[in-house]
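The block underneath contains the structure these notes are about, expressed in structure tokens.
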Amino acid sequence: MRSLNVALDERAYDIHIGRGLIDRGDLLSSVLKRKRVVIISNDVVAPLYAARVQQALDAASVAHRLVVLPDGEAHKDWSTLNLIFDALLGARVERSTTLIALGGGVIGDMVGFAAATYQRGVPFIQVPTTLLSQVDSSVGGKTAINHPLGKNMIGAFHQPRLVLADIDTLDTLPDRELRAGMAEVIKYGLIRDRLFFDWLEVNMSRLLARDADALAFAIERSCRNKAEVVIEDETETGVRALLNLGHTFGHAIETGMGYGEWLHGEAVAAGSLMAAELSRRLGWLTDGDFERIRRIHEVVGLPLRGPALGAGRYLELMSHDKKVDAGKLRLVLLRGIGDAVIWGDAPVADISAAIEYCCEHV
Ligand code: NAD
Ligand code: GLY
């Protein structure tokens, strides 16, 4: 087992990465205030893994309930969130009870938001079961649901008490989901870890073949990068925004196409290429580096070309981005591989041209 700590003073917590961790009731139990939990999962993940978590909790003498939600990004909304509150209130769940999010980023974000708001805040644990959630969404305390006008627009910062990333759960993950998660892994290399990007270029075939050692290394390195950023800027007043490389374009794709049509990681991949293309147009990124970025996404099998919504529609959707400040669109751009900046002065004509190029030619 590999472990790291997200050192946020009284909100500090451990991330454990390894095999068979969902059977470790001792780890789950070690962070509980009272030995009572509610596991919240969905109708795809619960049949696969809920019984094992329940057995582990039984062995650690922890009382538990299970709530099963409908699966999918299209259900990351108020009505599904209310199903959680209905279940918690219906069972008179008290504030000292801990929620366990068992699933991918959709479950993690929704359960985290429920935990942030139920009775003004209860503890929660992340048990992420997708690559994307193991390398990104389970760490850092961003929780949210979607709004028809914008992705993740309603939410709160609420840190988990523990993250248990069981690599074995990735065995049942559909290939498309594994590839989508790889977009967020590549992101860390692009924004701040050039050596990791080099490693990914060499080892991508091992990762796609689900080699456990390679996955453990990549998940730990990703979590380490994320933890360092979150420790520096927990509530995104500065450097944390760099974690959103490709996301402003990507969120426009997700919202514009309808939630669930493009996977989040797929939209981030196409969005990262738009950000790279814009950086190249501004003269910051060399053709060689752009080609490396295009190529690694191609090797993973991620979509390179954005959907042809039209640059005007992209810009309209992007104007809802949380990084918009005083009406100014702030984008994460690249000065090289491993070197990202936030830039609010990119000319609209260049942004439009980069979008059009990436919807037609890339
Ligand atoms: P997801 O949660 O929808 O999971 C993808 C699919 O795989 C779902 O159908 C899920 O039920 C299924 N699944 C999960 N684990 C499985 C397993 N082990 N075996 C088989 N099937 C499994 O999608 P995701 O990619 O994990 O997360 C995307 C979400 O995360 C988006 O809503 C995005 O906005 C959010 N996100 C949040 C943050 C953050 O910092 N909070 C960061 C990145 C992404
Ligand atoms: N996924 C972006 C963040 O956590 O800040």
Side-chain angles (χ1 to χ4, degrees), residues 6 22 40-50 52 68-77 80 101-113 116 126-146 150-160 163 165-185 187-188 191 210 222-223 225-230 232-248 250-251 253-255 259-260 262-269 322-323 332:
V6 185
I22 59 168
I40 304 174
S41 188
N42 67 33
D43 52 24
V44 169
V45 178
L48 292 169
Y49 298 113
R52 279 177 57 192
V68 178
L69 303 175
D71 176 47
E73 186 74 43
H75 294 288
K76 190 179 168 183
D77 59 10
T80 312
L102 175 67
V106 169
I107 282 290
D109 279 14
M110 268 196 303
V111 175
F113 188 38
Q126 291 270 19
V127 183
T129 60
T130 62
L131 179 64
L132 184 139
S133 55
Q134 295 188 354
V135 300
D136 192 349
S137 61
S138 64
V139 176
K142 274 192 184 175
T143 75
I145 55 169
N146 299 327
K151 178 86 182 128
N152 293 336
M153 279 295 159
I154 319 293
F157 286 98
H158 188 54
Q159 299 293 341
V163 179
D166 185 339
I167 292 170
D168 287 343
T169 61
L170 301 181
D171 288 348
T172 54
L173 193 65
D175 219 44
R176 183 178 168 198
E177 298 289 350
L178 185 83
R179 291 172 195 274
M182 214 59 82
E184 301 279 19
V185 176
K187 173 187 80 178
Y188 295 111
I191 61 170
R210 304 179 194 227
S222 298
C223 287
N225 271 296
K226 179 140 189 191
E228 284 172 9
V229 173
V230 168
E232 196 179 328
D233 177 21
E234 184 180 1
T235 55
E236 197 169 309
T237 53
V239 71
R240 183 163 181 172
L242 296 179
L243 294 171
N244 290 321
L245 174 70
H247 284 57
T248 305
H251 285 166
I253 294 172
E254 289 184 87
T255 309
Y259 298 125
W262 276 56
L263 300 182
H264 176 72
E266 293 172 343
V268 167
K322 291 190 283 305
K323 286 189 296 307
V332 183

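In each ligand, atom 1 is the first atom listed, and ligand 1 is the first ligand listed.
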Tell me if a side-chain donor or acceptor on [X] pairs with a main-chain N or O of [Y] at a distance below 3.5 Å.
X      : Y      : value
Asp233 : Val239 : yes
Asn152 : Asn146 : no
Thr143 : Ala156 : yes
Tyr259 : Asp77  : no
Asn244 : His247 : no
Thr80  : Lys76  : no
Glu254 : Gly260 : no
Glu184 : Leu132 : no
Ser138 : Val163 : no
Tyr49  : Thr129 : no

Output yes when [X] and [Y] qualify as a salt bridge under the 4.0 Å nitrogen-oxygen rule, no when they do not.
X      : Y      : result
Asp168 : Arg52  : no
Asp171 : Arg210 : no
Arg240 : Glu232 : no
Asp136 : Lys226 : yes

Among all protein heavy atoms, pick the one closest to [atom] and tell me residue, atom and distance.
atom                    : value
atom 25 (O) of ligand 1 : Leu132 CB, 3.6 Å
atom 3 (O) of ligand 1  : Val106 CG2, 3.4 Å
atom 20 (C) of ligand 1 : Thr172 O, 3.1 Å
atom 22 (C) of ligand 1 : Leu173 CD1, 3.7 Å
atom 13 (N) of ligand 1 : Val45 CG2, 3.7 Å
atom 4 (O) of ligand 1  : Thr130 CG2, 3.6 Å
atom 12 (C) of ligand 1 : Val44 CG1, 4.2 Å
atom 31 (C) of ligand 1 : Glu73 OE1, 3.2 Å

Assess the residue pair Glu266 and Arg176 against the criterion (salt bridge (Lys or Arg N to Asp or Glu O under 4.0 Å)); give the C-alpha distance rounded to whole Å, side-chain angles, the decisive distance to 0.1 Å, and a yes or no.
CA-CA 9 Å; Glu266 293 172 343; Arg176 183 178 168 198; 2.6 Å; yes

Taking only heavy atoms of [X], which atoms of ligand 1 are found under 4.0 Å from at least one of them?
X      : value
Lys76  : 31 (C), 32 (O), 33 (C), 34 (O), 35 (C)
Tyr49  : 18 (N)
Glu184 : 43 (C)
Asp109 : 35 (C), 36 (N), 37 (C), 39 (C), 41 (N)
Leu48  : 19 (N), 20 (C)
Ser137 : 36 (N), 37 (C), 38 (C), 39 (C), 40 (O), 41 (N), 42 (C), 43 (C), 44 (C)

For [atom], which candidate among [options] holds the nearest heavy atom?
atom                    : options                : answer
atom 24 (P) of ligand 1 : Gly72, Ala74, Gly105   : Gly105
atom 33 (C) of ligand 1 : Lys151, Arg240, Glu266 : Lys151
atom 43 (C) of ligand 1 : Asp136, Leu170, Val268 : Asp136

Which is it for [X] and ligand 1 at heavy atoms under 4.0 Å: side chain, backbone, both or neither?
X      : answer
Asn42  : side chain
Asn152 : side chain
Asp71  : side chain
Lys142 : both
Leu263 : neither

[X] versus ligand 1: do any nitrogen or oxygen atoms come within less than 3.5 Å of each other?
X      : answer
Thr129 : yes
Lys226 : yes
Thr169 : yes

When you check the side-chain N and O atoms of Glu73 and His264, is any donor under 3.5 Å from an acceptor?
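Per modelled atom types, Glu73 and His264 side chains form no pair under 3.5 Å.
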
Donor on one side chain, acceptor on other, Asp166 and Thr169, under 3.5 Å:
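No, because no side-chain N or O of Asp166 sits under 3.5 Å from a partner of the opposite role on Thr169.
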
Dump the intermediate steps for side-chain hydrogen bond (donor to acceptor under 3.5 Å, both in side chains) on Asn225 and Ser222, then the final yes or no.
CA-CA 5 Å; Asn225 271 296; Ser222 298; over 6 Å; no

Run through ligand 2 for me and note each protein residue having a heavy atom under 4.0 Å from it, chain first, then residue number.
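Residues Asp136, Lys142, Lys226, Glu236, Arg240, Leu243, Asn244 each place a heavy atom under 4.0 Å from ligand 2, listed by chain and number.
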
What do you reckon, does Glu254 put a non-hydrogen atom under 4.0 Å from ligand 1?
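Glu254: no contact with ligand 1 (<4.0 Å).
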
Within the structure, is a non-hydrogen atom of Arg176 found at a distance of less than 4.0 Å from ligand 1?
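Arg176 does not count as a contact of ligand 1 under the 4.0 Å cut-off.
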
Would you sort out whether Lys142 and Asp109 count as a salt bridge (Lys or Arg N to Asp or Glu O under 4.0 Å), showing the intermediate values?
CA-CA 7 Å; Lys142 274 192 184 175; Asp109 279 14; over 6 Å; no

